[in-house]
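Structure record follows, encoded as structure tokens.
Side chains are part of it too, since the values below use all heavy atoms of this structure and drop only hydrogens, waters and symmetry mates. Owing to the predicted nature of the structure, the values given are computational and were not obtained by experimental measurement.
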There are 2 protein chains.
Amino acid sequence: MSNKKEIQRKRIMKFFIDAAKEIIKEEGVKGLTARKIGDRAGHSYATIYNYFSDIKELLAYCVFDFLEDCYQYMIGFKNENLNCIDQIIVYTDAYFKYFIEKPDMFQLIFIEDLGNIPIELLKREKKLSIGVLLKECICRCAEEGYIEKENIDVIYNLLGSSIHGKLVFLVNKRDVKSADDMLLELKSEIEFLMKIKR
Amino acid sequence: MSNKKEIQRKRIMKFFIDAAKEIIKEEGVKGLTARKIGDRAGHSYATIYNYFSDIKELLAYCVFDFLEDCYQYMIGFKNENLNCIDQIIVYTDAYFKYFIEKPDMFQLIFIEDLGNIPIELLKREKKLSIGVLLKECICRCAEEGYIEKENIDVIYNLLGSSIHGKLVFLVNKRDVKSADDMLLELKSEIEFLMKIKR
DNA sequence: AAATAAAATTAACATTGTTAATTTTATAAC
DNA sequence: GTTATAAAATTAACAATGTTAATTTTATTT
């Protein structure tokens, strides 16, 4: 049965993916090698190439799993009692610190070369992604009169790009600013965008 | 004389740096290898290690040269006749397109691992850097009453981070948006920040 | 039970950055 | 100017990498 085969295939793929994820968690992306993955998965390293076109493709699967992890972590910071602006600050703070503590994860999720990621995966990922949480908040800010409805998108884009832009500079050591400095900047950017101090 | 020696030393370093820069321009960062650098510089590849601790250090020198190139390019877009907001848009557009056309350059300048870059270099670079051009404009916008003086910094930070954040997603193919889409976003972000449409 | 297809493994290859050993070149002493 | 010494450059070598080819093992079908 083609179905049975497919289940087996998926299972073995998962062995490799999980092995790779463990190694990445322990040694970072740069510590990952085909041979280590094979060892940890209990197979030969050459077997990997029966399931993935190359290591980049395997890495892409890891990335989507890790993004899912990050999303789950972020959901833990949802707090209905919070004012919408404070909720944005809490999310931003959590997200920023998440990657400051796991710079390798940032490297992997946003920077590492993954070859050609299938566009469907990207679109799927976008729906159940961290961006959604942020957008919810911003929409609430519009409903509660902090910002204009027509500006929801532009503010969302600004904030999202700004967070990742800062993380790039921090993670890749292209700026003298500290993580704390950047977090303060980010907070004042949010307050500025939400008109609080104007 | 130690001086004479130092001149010779600097000269040979430059041979290697220039060779590396040529290779990067032709084949991208990933095409760069110690052996190719040696060949092109007319020396053995092992000689590199008499002048640089490793390839990363050589790469760091290339990065600062390339940043200088980029700065010179940007200066070409300075136009005193332009309204300050339009000048910001022109700069942003030019900068964005520069890296869209040279994604490898973006990779190298902002992302590639350069080991421990001496902090003095970073600080020096910051002064004669692209950021200065942008900041000038934003200050002019404050003088001409488009924005509040007290918001200069926050707007500067937002814009700078946003540009680089978008470039990361584009260059590393983490978004389905096209470069043109992002440029439009960027333009409306600038107009938003400068209150034009409010 | 034998023949065939599929999957997994071992062995091999070409490249890589980096270091050790060796040779060449420059400098200093006489 | 010749010889001893220091410096610099080169060749040779190493260990590690991703990937592929050849071979062996396992599963499937006849």
Between the protein and nucleotides 25-27 of chain C, are there any N/O to N/O pairs under 3.5 Å, and if so, what are the atom names and distances?
none

(message) Mind checking if A/Tyr51 touches a base, just sugar-phosphate, or nothing, with heavy atoms under 4.0 Å?
(response) sugar-phosphate
(message) Going by the rule side-chain contact (heavy atoms from CB on, under 4.5 Å), which residues pair with A/Val154 if we only count those two or more places apart in sequence or in a different chain?
(response) A/Asn151, B/Ser188, B/Glu189, B/Phe192
(request) Round to the nearest Å and state the distance from B/Leu58 atom CG to C/dG17 atom P. (result) 11 Å
(request) Just jot down the salt bridge (charged side-chain N to carboxylate O under 4.0 Å, His left out) partners of B/Asp93, sequence neighbours excluded, or say none. (result) B/Lys97
(message) Checking A/Glu112 now: which residues fulfil salt bridge (charged side-chain N to carboxylate O under 4.0 Å, His left out) with it, not counting sequence neighbours?
(response) none
(message) So that I know where these two stand, are B/Phe99 and B/Tyr95 an aromatic pair - ring centroids less than 6.0 Å apart?
(response) yes
(request) Please check if any side-chain donor atom of B/His43 sits under 3.5 Å from a side-chain acceptor atom of B/Tyr51, or the reverse. (result) no
(request) Inspect the contact between B/Glu143 and B/Lys149 and indicate whether a charged nitrogen and a carboxylate oxygen are less than 4.0 angstrom apart. (result) no
(message) Taking side-chain contact (heavy atoms from CB on, under 4.5 Å) as the definition, give me every residue that meets it alongside B/Leu184, ordered by chain and number, with sequence neighbours left out.
(response) none
(request) May I ask you to list the residues of residues 28-49 of chain A, by number, that have any heavy atom positioned under 4.0 Å from an atom of DNA chain C? (result) A/Arg35, A/His43, A/Ser44, A/Tyr45, A/Ala46, A/Thr47
(message) For A/Lys135, is the NZ atom crowded, meaning more than 12 foreign heavy atoms sit under 6.0 Å from it?
(response) yes
(request) With sequence neighbours excluded, tell me which residues meet salt bridge (charged side-chain N to carboxylate O under 4.0 Å, His left out) with A/Lys78. (result) A/Glu136
(request) Establish, yes or no, whether a centroid distance under 6.0 Å links the rings of B/Phe110 and A/Phe169. (result) yes
(request) Have a look at the helix from C/dA1-D/dT30 to C/dC30-D/dG1 and give the angle its two end axes make, five pairs each, rounded to 10 degrees. (result) 10°
Under 3.5 Å, sequence neighbours excluded: what are the donor-acceptor pairs made by side chains of residues 15-30 of chain A?
unit_1, atom_1, unit_2, atom_2, d
A/Asp18, OD2, A/Lys14, NZ, 2.8
A/Lys21, NZ, A/Asp65, OD2, 2.9
A/Glu22, OE1, A/Arg40, NH1, 2.8
A/Glu26, OE1, A/Arg40, NH2, 2.9
A/Glu26, OE2, A/Arg40, NH1, 3.2
A/Glu27, OE1, A/Lys36, NZ, 2.6
A/Lys30, NZ, B/Asp113, OD2, 2.9

(request) Specify the residues of residues 12-27 of chain B, ordered by number, for which at least one heavy atom lies under 4.0 angstrom from an atom of DNA chain C. (result) none
(message) Nearest whole Å is fine: how far is C/dG17 P from B/Asp54 CG?
(response) 11 Å
(message) What is the separation between atom CG on B/Asn50 and atom C1' on C/dT24, rounded to the nearest whole Å?
(response) 13 Å
(request) Under the side-chain contact (heavy atoms from CB on, under 4.5 Å) rule, collect the residues that match up with B/Asp39, sequence neighbours excluded. (result) none
(request) Kindly write out the residues that satisfy salt bridge (charged side-chain N to carboxylate O under 4.0 Å, His left out) with B/Lys102, not counting sequence neighbours, or none if the list is empty. (result) none
